[in-house]
Amino acid sequence: MVGIERYWELLDCLHVNREPARASFLPYASAAAAKSGKRGRSPYYQTLNGAWKFRYHSSVSEVKDAFYEGAYTEHESWDSLIVPSCWQTNGYDQLHYTNVNYPIPYDPPFVPDDNPAGAYVREFNLSSDWLEKRTHIVFEGVNACFYLWVNGAFVGYSQGSRIPAEFDLSPYVKAGRNRLAVLVLKWCDGTYLEDQDLWRYTGIYRDVYLVSREQSHVRDVFVKPELSDDFTQGTVRVELDTTGEVDVRTELYAPNGSLAGGNDTMLKGHGMIELNVELPQLWNAEQPKLYDLYLHAGGEVLLFRIGFRKVEVRDGVFRVNGRAVKLKGVNRHDSHPTLGQTIPLNHMIQDLNLMKQHNVNTIRTSHYPNDPRFLDLCDEYGFYVVDEADLECHGVNNTGGEGAFHKLAIDPAWKEAFVDRAVRMVERDKNHASILLWSLGNESGYGPNHIAMAEWIQERDDSRLVHYEGAAPHYKGDTNVDALDVESRMYASTADIEAYALDDNNAKPLFLCEYSHAMGNGPGDLQDYWNVIYAQPKLMGGCVWEWCDHGIEVKTPAGVPYYAYGGDFGDKPNDGNFCIDGLVSPDRKPHVGLMELKQVIAPVLMASEDVRSGIVTITNRYDFIDLSHLSLRWKLERGGELVDQGATGPLEAAAGETQTVALTYREPIAAGDSCVLTLSVWQHLETRYAAPGHEIAFAQFEAISAEASGTEAGDVAQSRTEFMEAAETEGMLQINGFDFAYEFDLGKGTVTGIWRHGVGMIDEPVRFNLWRAPTDNDMYIRKEWEREGYSRAEMKVYGVSWDRGSDASVIVTVDFSLGSYIRSPILRGKSEWTFLPSGEVKLAVAVDVREDAPYLPRFGISLVMPKGTEEVEYYGYGPHESYVDKRASVRKGRYLLGVDEMARTYVMPQETGSRYGTEWAIVTSELGMGLRFDAPEPFSFQALHSSAADLTAAMHTPELARRDQTFVNIDYKMSGVGSGSCGPQLSEKYRLSEKRLQFELSLNPIFKEE
């Protein structure tokens, strides 16, 4: 490369000529323009977003020409590239996903010589009146480092991918046409501090713009809203840095628009303004009350939206404005399925709307500062934010040597690079009410460099807490954690966090910065975590990992869209689909996991000890507001049929309080009646994130009759025993009844044919099954399951006998086992099939599982029903899938669905669509011809157009063929889904680990419309 210094490998060079970090703000010409929040309404702002000339080089050594010089013209033939954008989403360089491992050799501060480079050229006009002031350029985000020239002159250099870089262009610009040139490199020594779990994007991926400033102007502002101990008095302390003498007029407006204070001050250099506020309105996530602070300085107007709130730890409890608060959070990466890390404003809003709709109140900006506009929105919407420094060196852990994880954290040569990332984050974001905690980064070991970061932060800003999970004791890093205000853990078990909370020696609150890994069909442990978190004051909550699947939108050669993940682009090293671990899909469709989270963390808890009495209690789990914005709807159902309903409200319970509500039934519920009461709490009015009637939470309660209920099919109208026939021919038992027939293969020990009125109900023999398509969270136990042959288990028949019953039934008894090659049989036992004159067949199974066998994925029967079997009706939990540990979001009722509606779509296909706790199910053609399934105890039920083998084999959605047949599973039980892909393995109580399995079920060929 001609004419530039190799700053990208100089550890002691973090920038050249970059302006000192400052708060994020923009000058306007009027208060009205500032209030609009539209940057384009400021005459002092000029966007440089748009089409730039661009040339990609696979190595910086290929950049031979001085493209930045004013006389250079060859750039006119270069490609046109939109800024902001990522190279990789525009066809340049390599799409690459890696979680832990560095994508380059570990040789700090050096990077590969073949360091990809992108040359950018952009021309812009500058009006002559701008020359009377200072002209600055702001790059909100450039990955990983860049050099800047204007009109052929070198301006400066910067690194630090997700923090702004600002330069003073005044000496270089002229009135009229100007040329801007930028060289972006993919790697620099900072790459060793940016090893986050994400797609490795490059380029000018956030906004670029010019700002015109007065010769003497307010350079930086730190607004400190402070509160008296009783919260009745507020003081706004405004620290200002100026570039000269500036006359500052201050106006403070309350949330209702009334003037709350103001003054005039002449400042030079550094100064302080104080404003007192009587009875300030407090900011919190439930009532995000913002004051508007206007600073009129010369011809500029600066607006800061500020919130009065106090963050503290008292008696080991995390508090906001004096009240104990639970952080109900998610980890959010900047991620867009087609734009990468370039995030449109409306996309941010979409995320926040979804979070609010699902009761989320906290966001951890994993693992770097987000776009400053995102924080503006968090202030306005009401979210608690853990603002995280752009610092992760996880890959160090795999470089070998004792204490490898802490290599960079303890190396004094890296201290300034560590601290620089804290300084630039804090200075940019220090005026945001939403930020309650500063995070020192993620998975970077722990040592003196982190301590230096924390000490600088606490010196600069004592109004917030400092968090860093890498200091947890099990990492065996530096034991000095005095500079950290909270304890943090990732993926600690419920037992571990409860033990922490109960230990009186632990004085700090515990924050689960990551828990419940939401990968694929999961997480399945949310309710367990929150049972403990709610019970223990010292547990301040946590953030689910993570918000969204990081899939890349692509198409097959045939034009079928799908989402790709690591390894799909030939990227090495890669971590496969480990980036597909979110609560929402890449296009922001909520997964069931998000619906589960909504229920588990809901701010309203409902209870009913006796459904028949109609007395229910409503507990307000909001921290600050009452329930007057909510009402209660209720309905009473019997067997899935509506029998009564009503509504009451508004509710009134104050924060943390409980109220009792008496429901008025039209008729009393008889002692012999079984019924289900559903309660739903919903909001009255429209909010910016939800329409009137939006449901906040629901709950269900059952009144169960002491009397056993009969089957829905009813009794056979007349005796049909005389039509029962059974005949054995060449190992096949043929059973014929009044209008039905069964075929039983005595050699295979199973039913091979079912007919009613001549209509065939199955295409393949009924079989016992214990395999499910592994979920992502099964990734570790899956290895044991496959070693034991669960996926290929075959039935061995030891003996079969059949006989006639006294009621003309036919009884077939089979001794059998299930096993695979190499290993001993997995289970062995007996099945008894009883064919009744009504057409129903009852199955009783008792088996013993091998003592040393791993717990089973499932156990039950599988059937393959013919083409045209498209309708599913069942009584149980719905409308979507549910599992023993993932069922907070489903409601008991009667459901009618198409087979295609039974499944959920996961980026990597896996177990899906099962229904926990089903009481009966009917699977038929649209004409109602098919099979009904019943059991004395609720069972797990599934009906799909893909088999477990199909789901296991497919790696992407287009590979999962939709078969014409319908695959039905009736399971005695299925193991839970958990969140074991990153975290504790499945809890014992959710495993199918019983060694003696006994269950009964019945199936009946029916024409249900009759």
Side-chain angles (χ1 to χ4, degrees), residues 524 611 637-640 672-676 700-714 751 766-770 772 811 818 827 829-836 838 840-849 855-863 872-878 881-888 890-895 902 911 913-923 931-943 968-977 987-1004 1006:
V611 171
E637 294 173 294
R638 185 180 298 114
D673 278 356
S674 293
C675 57
V676 175
Q700 285 190 311
F701 307 95
E702 286 191 74
I704 301 174
S705 169
E707 301 174 8
S709 60
T711 65
E712 189 173 279
V751 173
V766 178
R767 63 184 183 88
F768 291 105
N769 180 42
L770 44 77
R772 75 177 182 201
I811 304 167
L818 293 179
L827 56 82
K830 179 180 292 186
S831 63
E832 184 176 273
W833 303 78
T834 302
F835 299 87
L836 300 175
S838 64
E840 181 181 16
V841 58
K842 291 184 177 292
L843 170 64
V845 182
V847 298
D848 294 304
V849 181
Y855 71 85
L856 304 180
R858 70 185 340 151
F859 183 62
I861 62 168
S862 293
L863 305 92
V872 177
E873 188 173 359
Y874 70 97
Y875 185 71
Y877 293 96
E881 67 188 15
S882 56
Y883 298 83
V884 63
D885 60 344
K886 182 186 169 188
R887 53 190 171 96
V890 289
R891 309 171 200 233
K892 192 168 191 177
R894 185 168 183 161
Y895 294 95
M902 291 287 288
E911 159 61 34
S914 289
R915 276 21 182 212
Y916 167 87
T918 304
E919 297 191 9
W920 56 259
I922 301 172
V923 186
L931 296 173
R932 176 186 171 107
F933 305 93
D934 290 274
E937 298 293 332
F939 53 89
S940 178
F941 161 66
Q942 182 186 55
V968 177
N969 284 285
I970 308 297
D971 293 316
Y972 160 63
K973 288 182 182 178
M974 180 185 284
S975 287
V977 293
S987 174
E988 292 280 353
K989 63 185 177 181
Y990 300 130
R991 300 179 183 183
L992 180 47
S993 55
E994 303 164 37
K995 295 305 177 182
R996 177 71 172 174
L997 308 179
Q998 291 181 282
F999 75 99
E1000 298 177 10
L1001 62 86
S1002 67
L1003 58 88
N1004 199 352
I1006 63 168

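Throughout, residue positions are numbered sequentially from 1 according to the sequence presented.
Ring pair Y874/F941 is tilted by interplanar angle, where 30° to 60° counts as tilted. Ring pair Y875/W920 is parallel by interplanar angle, where below 30° counts as parallel and above 60° as perpendicular.
Between G913 and E881, the shortest heavy-atom contact is N-OE1, 2.8 Å. Summarising the geometry of E919 relative to P938, their closest heavy-atom pair is CG-CG, 4.5 Å, with the distance given to 0.1 Å. Taking all atoms of both residues into account, the shortest heavy-atom contact from N1004 to S838 is OD1-O, 4.4 Å. Nearest heavy atom pair, residue K892 against residue V676, reads CD-CG2, 4.3 Å. Contact detail for G976 and D885: the closest heavy-atom pair is CA-OD1, 3.2 Å. Minimum interatomic distance between S940 and S914 (heavy atoms only, all atoms of both residues): OG-CB, 3.9 Å.
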Step by step, work out the side chain to side chain contact (heavy atoms under 4.5 Å, CB included) result for F859 and V849.
CA-CA 11 Å; F859 183 62; V849 181; over 6 Å; no
When you look at V847 and Y972, which way does the side chain to side chain contact (heavy atoms under 4.5 Å, CB included) test go after all the steps?
CA-CA 12 Å; V847 298; Y972 160 63; over 6 Å; no
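Residues forming a side chain to side chain contact (heavy atoms under 4.5 Å, CB included) with S831 (at least two apart in sequence, or on another chain): F768, V814, F816, W833, L843, V845. With sequence neighbours excluded, the residues forming a salt bridge (charged side-chain N to carboxylate O under 4.0 Å, His left out) with D971 are R858, listed by chain and number. For A935, the side chain to side chain contact (heavy atoms under 4.5 Å, CB included) partners at least two apart in sequence or on another chain are F939, L1001. The side chain to side chain donor-acceptor pair (under 3.5 Å) test applied to S1002 returns E840, not counting sequence neighbours. Looking at residues two or more places apart in sequence or on another chain, you find no salt bridge (charged side-chain N to carboxylate O under 4.0 Å, His left out) involving R887. Shown here are the ring pair (Phe, Tyr, Trp, His ring centres under 6.0 Å) partners of F835, two or more places apart in sequence or in another chain: Y742. Residues forming a side chain to side chain donor-acceptor pair (under 3.5 Å) with Y877 (at least two apart in sequence, or on another chain): none. With sequence neighbours left out, the side chain to side chain contact (heavy atoms under 4.5 Å, CB included) criterion links V884 to Y916, Y990. K973 meets the salt bridge (charged side-chain N to carboxylate O under 4.0 Å, His left out) test with E994; sequence neighbours excluded. E637 pairs by the salt bridge (charged side-chain N to carboxylate O under 4.0 Å, His left out) definition with K635, not counting sequence neighbours. A search for ring pair (Phe, Tyr, Trp, His ring centres under 6.0 Å) contacts involving F701 returns nothing, not counting sequence neighbours. The side chain to side chain donor-acceptor pair (under 3.5 Å) check on S987 picks up nothing, with sequence neighbours excluded.
Remark: K830 NZ to D848 CG distance equals 11.5 Å, nearest 0.5 Å. Note that CG of N969 and OG of S862 are 3.5 Å apart. Values are rounded to the nearest 0.5 Å. Atoms CD1 and CD1, from I1006 and I922 in turn, are 4.0 Å apart once rounded to the nearest 0.5 Å. K995 NZ to L827 CG: the interatomic distance, rounded to the nearest 0.5 Å, is 10.0 Å.
Salt-bridge annotation for E873 and R894: present, with a side-chain N of the basic residue lying under 4.0 Å from a carboxylate O of the acidic one.
Side-chain contact between I970 and T918 is absent, with no heavy-atom pair separated by less than 4.5 Å. In this structure the side chain of Q942 never reaches within 4.5 angstrom of the side chain of R915, judged on heavy atoms. Between F933 and V968 the shortest side-chain heavy-atom distance falls below 4.5 Å. Contact of the L1003 side chain with the V751 side chain is not registered, since no non-hydrogen atoms from C-beta on lie closer than 4.5 Å. At a threshold of 4.5 Å between non-hydrogen side-chain atoms, the residues Y883 and M974 count as touching. Taking the side chain as every heavy atom from C-beta outward, I811 and T834 approach each other to under 4.5 Å.
Counting non-hydrogen atoms of neighbouring residues, nucleotides and ligands closer than 6.0 angstrom, the CD atom of E832 exceeds 12 such neighbours.
In this structure, S975 contributes its side chain and L992 its backbone to a donor-acceptor pair below 3.5 Å.
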